[in-house]
Amino acid sequence: MPVPPFPSQPTDNNNSATTDVTPVVALKELVSRLHREQNKIQDLLSSLGFALRSFNNLNQFLELIPLMATRVTDADGSALFLYKPNGQVRLEQLHWQDSRQRKNIRKALETASSQITLLPNTAPLSAATGMLDDQMHRYLGPDVQIFGTAILVKHTERGWLYVLSRDPEYSWTETRQKLVRLVADQTAVAIENDELAVELRKKERLDQELEIGAEIQRRLLPRQCPYIPGVSLAARCRPANRVGGDYYDFIPTNENQIHPLTKIGHDSGRWGLVIGDVMGKGVPAGLIMTMMRGMLRGEVLHGNSPAGILQNLNRVMYADLENSHRFITLFYSEYNPHKRILSYSNAAHNPPLWWHAATKTVSRLDTLGMLIGLDANSQYEDAHAQLEPGDTVIYYTDGLTDAAAASGDRFDEENFVAAFNTACRYCNGPEEIVDYLFDRVQQFIGADRQNNDDMTLVVLQIE
């Protein structure tokens, strides 16, 4: 007799449904939780980016950093430490979830950071980090886990961002490391932006001061050439920077010449024509030039000869120039319009060029004499030139002869003399001569390049 089959097991539809649905529900819950975490992280990081763009105050931004670090890592708190210029490590900001413990945590962290002073040549990555970790473990106790990452600004460690947790199961996962690194990088960007803003404000102030200095200097140089009977004049100064060390001037030699820039009649007396160059350029040279101008103008009124004027000026300025480690080249001359005589003395400046209309040749106006400020007892010589109608004298600074092309070649004095000779033959008046010479130098160095030194020309032509 065949054995009847075992009766089939009853089917529990509810249990089967539960067995099938539970993994799905769990998966959905996991996905939902991950989405919530992802959205939370995105919201926090978006807020951090918005704060970085919006806050003008670095301290306001830094207040958010420990809060953000705590939230994105699910830690109990976070601390931001920054290195100070004096070598101290300071707790900049702290966030701790439990407000009752916050005061004690802050005190412990401040005590830990106060134990560290960085030496000037200490590498923070190798020294400060280990010391800070040790001190934090010491003062926070073994129950608090600490994990940190460096704040790097231009590859230089400027501080550390730590997350703190009392949970013994807390782990420093790769995701948490990336998130804190991202917050630390945003902190570094904020610090660098703040430093750049400070530098920009300093530069703007300096630019304003330089512009004021340049404006003062422009006003001290002659606005236009004076009227001298029987003479045509032209002058131009082109500083390499906004404030330059080149100097030229037209100085009335007696008190009767009250209005030196206007026609004052036929008896205008002798006029001082001077050109100089302070060694160096920029603001220091400009300040010395301004000081020299005032002293020279006062000295001219004493009625001494050109050599005597340079000698007295050298004695007066010697101490100041020695202290500043700068010197001045200066050519001083006085023109007598009635006799057409140019009296002059040179303190190591580029000798002016004299174009003789009768022979169409060029000679130099020079005397022996050392730089102003080199030796307190320097002696200078007087000399005189009898000018004739059509003669042209050009005063210049070495910015023109030393002008360099892109190849490194210099315009040099030989080319300058040749250009001056050509200009005197074919140009109509001093202004055209100035234009021609500046154009020649600019063509030599290149139309798109600027000279590295100040360039000054003064042209005197006898009518």
Side-chain angles (χ1 to χ4, degrees), residues 209-210 213-214 216-222 235 237 239-241 243-255 270-335 342-352 364-384 395-402 453-456 458:
E209 292 171 1
L210 285 174
I216 291 173
Q217 189 175 54
R218 284 192 294 268
R219 290 180 179 274
L220 290 178
L221 292 175
C237 179
N241 301 312
V243 180
D246 277 9
Y247 165 69
Y248 75 93
D249 208 351
F250 307 106
I251 306 174
T253 60
N254 63 65
E255 297 179 358
R270 291 177 292 110
W271 276 88
L273 287 80
V274 58
I275 191 167
D277 186 0
V278 180
M279 295 184 68
K281 47 185 177 289
V283 174
L287 291 173
I288 291 175
M289 183 274 279
T290 302
M291 177 178 66
M292 179 195 69
R293 175 187 182 275
M295 292 183 177
L296 177 60
R297 280 185 158 247
E299 188 61 42
V300 167
L301 294 177
H302 292 164
N304 294 315
S305 69
I309 289 172
L310 292 185
Q311 187 166 317
N312 291 339
L313 181 68
N314 179 63
R315 288 174 178 171
V316 171
M317 295 196 68
Y318 175 75
D320 291 330
L321 291 173
E322 184 184 37
N323 291 335
S324 68
H325 304 290
R326 293 180 183 271
F327 308 101
I328 301 171
T329 66
L330 192 68
F331 185 92
Y332 178 79
S333 62
E334 289 185 0
Y335 180 68
L342 186 70
S343 304
Y344 59 89
S345 185
N346 195 8
H349 191 75
N350 303 81
R364 290 170 175 79
L365 301 175
D366 199 10
T367 61
L368 294 177
M370 290 196 293
L371 299 162
I372 302 293
L374 189 63
D375 182 356
N377 298 314
S378 291
Q379 300 294 314
Y380 300 92
E381 298 178 350
D382 280 311
H384 308 277
Y395 305 71
Y396 66 98
T397 57
D398 59 6
L400 290 123
T401 52
D402 290 345
D453 198 3
D454 309 325
M455 298 188 295
T456 301
V458 177

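Because the structure is a prediction, the values reported are computed rather than measured.
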Query raised in the report: Who passes ring-ring contact (aromatic ring centres under 6.0 Å, His included) against Y380, sequence neighbours left out?
Result: none
Requested in this report: Provide the closest heavy-atom pair for A347 versus L310 in the form atom of the first, atom of the second, distance.
Outcome: N-CD1, 3.9 Å
Query - Listed partners of A383 passing side chain to side chain contact (heavy atoms under 4.5 Å, CB included), at least two apart - result: Y344, T367
Report task. Please list, chain by chain and in numerical order, all residues satisfying side chain to side chain contact (heavy atoms under 4.5 Å, CB included) with L374, sequence neighbours excluded. Result -> F327, M370, L371
**Report entry** Under the side-chain hydrogen bond (donor to acceptor under 3.5 Å, both in side chains) test, residues paired with D375 that sit two or more places apart
**Finding:** none
Report task. State which residues pass salt bridge (charged side-chain N to carboxylate O under 4.0 Å, His left out) with E334; sequence neighbours excluded, sorted by chain then number. Result -> R270
Report summary line: Here the gap from I372 atom CD1 to M317 atom CE, rounded to the nearest 0.5 Å, amounts to 8.0 Å
Query raised in the report: Going from CZ on R293 to CG on D249, what distance comes out if it is rounded to the nearest 0.5 angstrom?
Result: 5.5 Å
Report task. For R297 and I251, work out which heavy atoms get closest and say how close. Result -> CG-CD1, 4.0 Å
Query raised in the report: Closest heavy-atom contact between S343 and H384?
Result: OG-ND1, 2.9 Å
**Report entry** Contacts of Y335 that satisfy side-chain hydrogen bond (donor to acceptor under 3.5 Å, both in side chains) - sequence neighbours left out
**Finding:** none
**Report entry** Distance-minimising heavy-atom pair for L321 and G373
**Finding:** CD1-CA, 3.6 Å
**Report entry** Counterpart residues, side-chain hydrogen bond (donor to acceptor under 3.5 Å, both in side chains), relative to R364 (two or more places apart)
**Finding:** E413
Report summary line: Closest non-hydrogen atoms of G272 and Y332, given as atom of the first, atom of the second and distance, are CA-OH, 3.8 Å
Query raised in the report: Which ring-ring contact (aromatic ring centres under 6.0 Å, His included) pairs, counting each pair once, include a residue from residues 284-325, with sequence neighbours left out?
Result: none
Query - Heavy-atom side-chain proximity of H349 to L330 below 4.5 angstrom - result: no
Requested in this report: Working to the nearest 0.5 Å, report the span between CG of N304 and CG of N312.
Outcome: 5.5 Å
**Report entry** Contact check, side chains of V274 and L296, non-hydrogen atoms, under 4.5 Å
**Finding:** yes
Query - By side chain to side chain contact (heavy atoms under 4.5 Å, CB included) - contacts of D398 (at least two apart) - result: D277, N350, T401, D402, D453
Report summary line: Nearest heavy-atom approach of L313 to M295 is CD1-CB, 3.8 Å
Report task. Report the residues that fulfil side-chain hydrogen bond (donor to acceptor under 3.5 Å, both in side chains) with Q379, sequence neighbours left out, ordered by chain and then residue number. Result -> none
**Report entry** Any side-chain donor near an acceptor of the partner, S333 and Y395, under 3.5 Å
**Finding:** yes
Query raised in the report: Rounded to the nearest 0.5 Å, how far does CD of E299 lie from CD1 of I309?
Result: 6.5 Å
Query raised in the report: Looking at D454, T329, D246, which hits side-chain hydrogen bond (donor to acceptor under 3.5 Å, both in side chains) with T397?
Result: D246
**Report entry** S345-D382 side chain donor-acceptor pair, cut-off 3.5 Å
**Finding:** no
Query - Counterpart residues, side chain to side chain contact (heavy atoms under 4.5 Å, CB included), relative to Y248 (two or more places apart) - result: L221, P222, A235, C237, F250, I275, T456, V458
Query raised in the report: For Y396, what residues pass the ring-ring contact (aromatic ring centres under 6.0 Å, His included) criterion, not counting sequence neighbours?
Result: F416
